[in-house]
J.: 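This is the structure I want to talk about, given as structure tokens.
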Amino acid sequence: RITAEIPDAPEYTLDLEFPEGAIEGRVVDARDGAPVKDAELTLRAEEPFESSGWLGKMIAQDANLERERSGEDGTFRFERLNAGRYRLTARASRDEATAALAPSDPLTVEVRADALTGDVEVRLVAAVELTGRVVDEAGAPVADVLLLATRGGALGEQTERATSADDGAFRFTALAAGTYDVSANADGYADALKKNVVVDAAKSEPLELVLERGIDVSVKIVGATGQPVQGATGRLVRKDGVAEVGANDVGRAFTNLFNGKGVSDAKGVLALGTFNAGDYRLEVQRGAERAQDDVTLAGSGEQVLRIRLR
């Protein structure tokens, strides 16, 4: 990222120099020190990427992100890095030899200007499984539910995904021991969330998530002149919850994407999804235009909200 002040002149020369910082190291199995080949390494700058709006924040989660894979001997190298602090994680490939390894904890690595940070060792520990079942209010299984297990409440490299089978069963096979928030999202149902689920090799009980039909919510979006706005995005955030982009937002975004939803149509109507009754904050945006409003969902069936962009 470059910040430059361009003068009001007919011609201006700007010299650019690529950074030469680098990180290299090795991915190993913590059980015996053996190298782990073909592991996916993710390097994320700790300096936050500035972006406004919830959609921009979701996109920014992948900004300043570098990916590499370890070689046959477990070695890896990231090049052309700016000076700063980075979070490094590794995830084993899903082949038979490494399927029993969990993703690593984030490792903070500091890179100095045009210098090599070497001998970084990333250790992968044995994986722990989390199993469970998704059912509706009547106890019937719900298939094709997107489940997200987010460690420590931090979306990103610590989030694992799973999908429920025809009998509602799901299985996370590559979790590190720890505490997770587990969310479930399916079209036509309100999201379900279980917080502080303890996953441990010695004790990990099956988890049951219950999906409720809830309220189908859409919003009619108009501009400053009162005309319908096409191409806007939006979300509802519980007023008793956290306003940051979370696993449920990403889960609903994936579900909407696969179902051809996610933006307002030519009539300015945007389907937001299915929600439980309660007090929410509605956030809508299109480009630089934004609006928000406090809303209350009650009853069942469908509820249409209205908002004006400014």
J.: L81 vs L43, test: side-chain contact (heavy atoms from CB on, under 4.5 Å). Steps then yes/no.
T.: CA-CA 10 Å; L81 301 175; L43 188 69; 3.7 Å; yes

J.: Taking C-beta and beyond as the side chain, do F78 and L41 meet within less than 4.5 Å on heavy atoms?
T.: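 The answer is yes; the side chains approach within 4.5 Å.
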
J.: Determine whether a donor-acceptor pair (N or O, by modelled atom type, separation under 3.5 Å) exists between the side chain of S264 and the backbone of G231.
T.: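 Judged by distance alone, yes, a pair lies under 3.5 Å.
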
J.: Could you tell me whether D29 and R31 make a salt bridge, using a distance below 4.0 angstrom between a side-chain N and a carboxylate O?
T.: yes

J.: Quick one: does V128's side chain get under 4.5 Å of D200's, heavy atoms only?
T.: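 Side chain of V128 against side chain of D200, heavy atoms only: no contact under 4.5 Å found.
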
J.: According to a hydrophobic-cluster definition based on side-chain heavy atoms being under 4.5 Å apart (Ile, Leu, Val, Met, Phe, Trp, Tyr only), do L124 and V120 belong together?
T.: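 Result: yes, single cluster for both.
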
J.: Membership question, hydrophobic clusters at under 4.5 Å side-chain separation (ILVMFWY): are L175 and V197 in the same one?
T.: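 Both belong to a single hydrophobic cluster.
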
J.: Can you find a pair of side-chain heavy atoms, one from V199 and one from F172, that are under 4.5 Å apart?
T.: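 Side-chain contact under 4.5 Å: no.
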
J.: Among R91, R67, R69, which residue satisfies the side chain to side chain donor-acceptor pair (under 3.5 Å) criterion with E40?
T.: R67

J.: Measure the CD-CD distance between Q292 and E283 for me, rounded to the nearest 0.5 Å.
T.: 5.5 Å

J.: Would a distance-only check, ignoring hydrogens and angles, find a side-chain to backbone donor-acceptor pair under 3.5 Å from S164 to D144?
T.: yes

J.: Report yes or no: is the cationic atom of R213 (NZ for Lys, CZ for Arg) closer than 6.0 Å to the six-membered ring centre of Y189, at no more than 45° off its axis?
T.: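 Because its charged atom sits under 6.0 Å from the ring centre and within 45° of the axis, R213 does stack over Y189.
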
J.: Of the non-hydrogen atoms in T89 and P106, which two are nearest, and what is the gap between them?
T.: CG2-CA, 3.6 Å

J.: Any sub-3.5 Å donor-acceptor pair from E46's side-chain atoms to E110's backbone N or O?
T.: no

J.: So, R80 and E66, do they make that salt bridge, N to O below 4.0 Å?
T.: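 Salt bridge absent between R80 and E66.
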
J.: Within the side chain of D114, is there an N or O that forms a donor-acceptor pair under 3.5 Å with the backbone of E20?
T.: yes

J.: Nearest 0.5 Å, what's the CD-CZ distance between Q227 and R308?
T.: 10.0 Å

J.: When clusters are formed by joining ILVMFWY residues with side-chain heavy atoms under 4.5 Å apart, either directly or through shared neighbours, do L272 and V269 land in the same one?
T.: no

J.: Does K194 reach the main-chain N or O of E208 with its side chain, forming a donor-acceptor pair under 3.5 Å?
T.: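 Confirmed, K194 side chain pairs with E208 backbone.
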
J.: Do I23 and L107 share a hydrophobic cluster, counting only Ile, Leu, Val, Met, Phe, Trp and Tyr and linking them when any side-chain heavy atoms are less than 4.5 Å apart?
T.: yes

J.: How close do A266 and P228 get, counting heavy atoms only, and between which atoms?
T.: O-CB, 3.8 Å

J.: Looking only at heavy atoms, which two atoms of A192 and V210 are closest? And how far apart?
T.: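 Nearest pair, atom of A192 first, then V210: CB-O, 3.6 Å.
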
J.: Evaluate whether atom CG of D294 has more than 12 neighbouring non-hydrogen atoms of other residues, nucleotides or ligands under 6.0 angstrom away.
T.: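 Counting other residues, nucleotides and ligands, CG of D294 exceeds 12 neighbours.
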
J.: Which distance, rounded to the nearest 0.5 Å, do you find between the CD of E212 and the CZ of F275?
T.: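 Reported value, rounded in 0.5 Å steps: 14.0 Å.
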
J.: Within the side chain of D181, is there an N or O that forms a donor-acceptor pair under 3.5 Å with the backbone of N196?
T.: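 The answer is yes, because a donor-acceptor pair under 3.5 Å joins these two groups.
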
J.: Pair I307, L305 - check side-chain contact (heavy atoms from CB on, under 4.5 Å), show working.
T.: CA-CA 7 Å; I307 198 167; L305 309 173; over 6 Å; no

J.: Work out which heavy atom in A232 is nearest to a heavy atom in I221; give both atom names and the distance.
T.: CB-CD1, 3.8 Å

J.: Would you give the length of the straight line joining atom CZ of R87 to atom CG of L65, rounded to the nearest 0.5 angstrom?
T.: 11.5 Å

J.: For the atom pair CZ (F76) and CD (E24), what is the distance rounded to the nearest 0.5 Å?
T.: 8.5 Å

J.: Apply side-chain contact (heavy atoms from CB on, under 4.5 Å) to R171 and E129, showing your working.
T.: CA-CA 7 Å; R171 180 186 300 270; E129 287 192 351; 2.5 Å; yes

J.: Tell me, with the steps shown, if V217 and V295 meet side-chain contact (heavy atoms from CB on, under 4.5 Å).
T.: CA-CA 11 Å; V217 183; V295 298; over 6 Å; no

J.: Show the nearest heavy-atom pair for residues A176 and P103, with the distance to one decimal.
T.: CB-O, 4.1 Å

J.: I'd like to know whether CZ of R112 has more than 12 heavy-atom contacts from other residues, nucleotides or ligands below 6.0 angstrom.
T.: no

J.: Just verifying a value: how many Å separate D191 CG and L146 CG, rounded to the nearest 0.5 Å?
T.: 9.5 Å

J.: Side chain of R133, backbone of D167: donor and acceptor closer than 3.5 Å?
T.: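 Checking the backbone N and O of D167 against the side chain of R133, a donor-acceptor pair under 3.5 Å is found.
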
J.: What's the verdict on salt bridge (charged side-chain N to carboxylate O under 4.0 Å, His left out) for R77 and E68, showing C-alpha distance, side-chain angles and the deciding distance?
T.: CA-CA 7 Å; R77 182 181 176 93; E68 293 288 349; over 6 Å; no

J.: Closest approach of V36 and A92, non-hydrogen atoms and distance?
T.: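 So the two residues come closest at CG1-CB, 4.5 Å.
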
J.: Treating Ile, Leu, Val, Met, Phe, Trp and Tyr as nodes and any side-chain heavy-atom pair under 4.5 angstrom as an edge, say whether V109 and V28 lie in one connected cluster.
T.: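 Different clusters.
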
